[in-house]
Amino acid sequence: MTDEEVKMYDVVLVGAGFGSIYALNRLRKLNLKCIILEKAPRSGGVWYWNCYPGARVDTPEPVYQIPDPELWEGFDFRERYPGRDELCRYFDHVDSKLNFSKDTWYGSKVIGAKWDNEACFWEVKYVRQDKEGGLTEGKVKGRWFIAGIGLSGEIYKPKIEGMELFKGQLVHSAEWPQTGIDLKDKRVAVIGTGASGVQIIQEIAPITSQLTVYQRTPNFCLPMVQRSLSPSENQKKKLDGTYQTAFNKTLTTFAGFPYDFLPQSLFSESFEKREELFQSLMEEGGFGLWLNNYHDVYSDEKANEIVYEFWRDTIRKRIQDENLKEKLAPMKQPHPFGTKRPSLEINYYECFNLPHVDLIDLNENPILKFTQEGIITKDDEKKFDLIILATGFNALTKGMENMNVKNHQDKSISDHWSEGVKTTLGMMVNGFPNLFMIYGPQAPSAFGNGPISASIQGDWLGKVFEMVKEKRIVKWETQKEEEEKWTLECREVWGKSLFPNAKSWYQGSNIPGKRVEALNYIGGIPRYIEALDKSLEDGLKAWDIKYGYS
Ligand code: NA7
């Protein structure tokens with residue numbers, strides 16, 4: 001393929017999940033010629049890959065979908081917290097309305113991108129798998145490049161001695177085979193008790209003959225309180241304005257969920273009043289106890305402890321064994337409540353009352369090695385048919401770094417972030433013109449409701465591209481000072497909270513050797529929208545702009 005034959009698009013997007021699909025829809029309305037490169041054989045992003053048993057979203061409908069009334073018609077979620085298959089069907093529905101697949105190359109993994117500073121375009125390299133399994137490399141050019149690659153970045157598998165020796169099946173939660181795994185009467189180990197681990201454990205516990213959970217840190221899970229939604233109930237809510245009101249509210253709350261912190265301090269209320277609130281939040285289910293709580297729960301250690309104690313005492317009642325109570329809901333919290341994203345559970349704690357389910361606390365009984373047959377810990381040896389690594393991801397930064405994006409000086413994003421992550425608004429990086437990130441580091445995406453933050457960023461991109469067209473802009477770059485300002489703001493709000501006190505992927509501390517820093521903007525959605533809007537004021541003086549588009 002000669003350079004002349006490489007197709008030129010206005011915009012090359014990566015990833016066919018919520019981020020790129022929303023942005024594509026906005027950009028098409030401006031008559032921009034766009035293409036999405038997606039490595040999976042279908043859309044859905046993380047919902048395509050995460051097909052492990054029990055995979056389910058933790059955000060309640062109707063607000064876990066694209067906030068566009070045209071797309072609400074013709075699809076009704078059947079559960080308050082939809083499962084993975086239903087979410088994939090939702091993407092098919094969106095495709096039937098928008099036909100985004102017309103502009104998507106599936107099976108195409110981006111392996112590099114290079115900025116041409118003279119001609120002002122990105123050359124994006126991809127590798128595509130053909131039907132016979134062969135790989136071919138290709139290139140496209142885009143005047144603009146948008147990475148809508150989600151949060152999960154790179155799968156994380158801990159390095160444990162002898163892992164390669166295990167003769168049974170070893171699988172990471174995000175590499176679960178699309179054809180499934182027969183778990184009936186199998187001896188299974190699950191390593192990790194984050195969102196994926198909890199969902200897997202509660203789903204497979206009744207099927208397996210033996211289930212051993214290797215836990216390093218207890219997850220402060222909240223009751224999901226799942227319920228069915230009927231099409232007539234959904235329809236009524238679409239027509240009577242309930243949907244629209246719910247979506248409008250997401251733009252006013254801290255994390256884009258349908259609930260928000262209370263204005264009063266926890267200490268301003270009596271013990272009885274607080275208990276009443278906590279109780280009702282637990283009964284309502286979902287993230288209420290996490291994010292519909294008093295405003296000082298994540299800034300005041302004592303307030304946080306009080307919420308934890310309520311959670312702990314409630315959960316302990318569901319666990320029979322005294323020793324397990326202490327493992328799953330310890331008297332003293334190992335990190336402040338809610339500073340790691342709590343998982344929503346259905347019957348997680350009851351699983352540990354089953355005779356064939358046991359838990360190994362890795363703090364007192366660490367894994368020494370894998371063998372051909374199973375796992376040896378300090379005090380124990382167990383044999384398994386299947387070992388599941390629910391050990392998470394090198395999130396937020398690694399996806400961008402792995403795409404091998406280089407500017408005209410051959411500097412990569414990793415080089416730029418070698419002394420710490422720096423972005424403007426979590427969306428642009430100095431020295432990398434015309435490159436935008438959706439769900440990038442230093443944005444509010446990881447903390448909150450994915451489709452909502454993707455739509456906020458997509459709407460901002462819509463405004464940017466309106467200006468690009470109107471003002472004939474060929475190059476748009478963030479200034480070093482703007483990047484420094486935003487990075488400082490991210491760090492400051494993070495530093496004033498209790499969030500740095502937990503080892504979490506929110507700050508990279510889940511990955512050995514990764515720099516620990518604020519990877520999320522926790523100033524809240526309203527403040528983020530304000531910052532995005534403000535950046536486009538004053539004749540775009542916050543940006544370095546080159547005009548001349550014909
Ligand atoms: P998470 O939330 O990062 O959870 C990973 C889990 O794996 C967590 O319990 C970790 O323990 C555990 N882990 C990680 N490394 C090890 C080693 N070496 N040994 C034992 N246990 C380990 O990933 P998920 O996939 O569950 O969820 C990802 C997010 O994506 C989720 O929040 C959703 O919002 C979307 P730790 O807690 O670090 O002690």
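Numbers here are sequence positions counted from 1.
- With sequence neighbours left out, the ring pair (Phe, Tyr, Trp, His ring centres under 6.0 Å) criterion links F254 to F261, F447.
- Checked against a 6.0 Å centroid threshold, the rings of F18 and Y64 count as neighbours.
- For an aromatic pair to be called close, the ring centres must be under 6.0 Å apart, and F278 with W311 fails this.
- Between F75 and F77, the distance from one ring center to the other falls under 6.0 angstrom.
- Aromatic pair W72/Y243: ring centres closer than 6.0 Å.
- One finds no salt bridge joining K109 and E38 here, because no Lys/Arg side-chain nitrogen approaches an Asp/Glu carboxylate oxygen to under 4.0 Å.
- Within the structure, side chain to side chain donor-acceptor pair (under 3.5 Å) pairs that include any residue of residues 386-399 comprise N394-K514, T397-K514 (at least two apart or interchain).
- The closest side-chain heavy-atom distance from T217 to H335 is below 4.5 Å.
- Residues K236 and E233 are not paired through a salt bridge, judged by the lack of any N-O separation under 4.0 Å between the basic side chain and the carboxylate.
- Each of Y521, Y298, F499 was checked for a ring pair (Phe, Tyr, Trp, His ring centres under 6.0 Å) with W494, and the lone residue meeting it is F499.
- At a threshold of 4.0 Å, the pair D361-R216 does not count as salt-bridged, since none of the basic side-chain nitrogens sits closer than that to a carboxylate oxygen.
- Side-chain contact check for T193 and N219: no donor-acceptor pair (N or O, by modelled atom type) lies under 3.5 Å.
- Between the side chains of Q333 and N304, at least one donor-acceptor pair of N or O atoms lies under 3.5 Å.
- In terms of the ring pair (Phe, Tyr, Trp, His ring centres under 6.0 Å) criterion, residue partners of F287 (sequence neighbours excluded) are, by chain and number, F257, W290.
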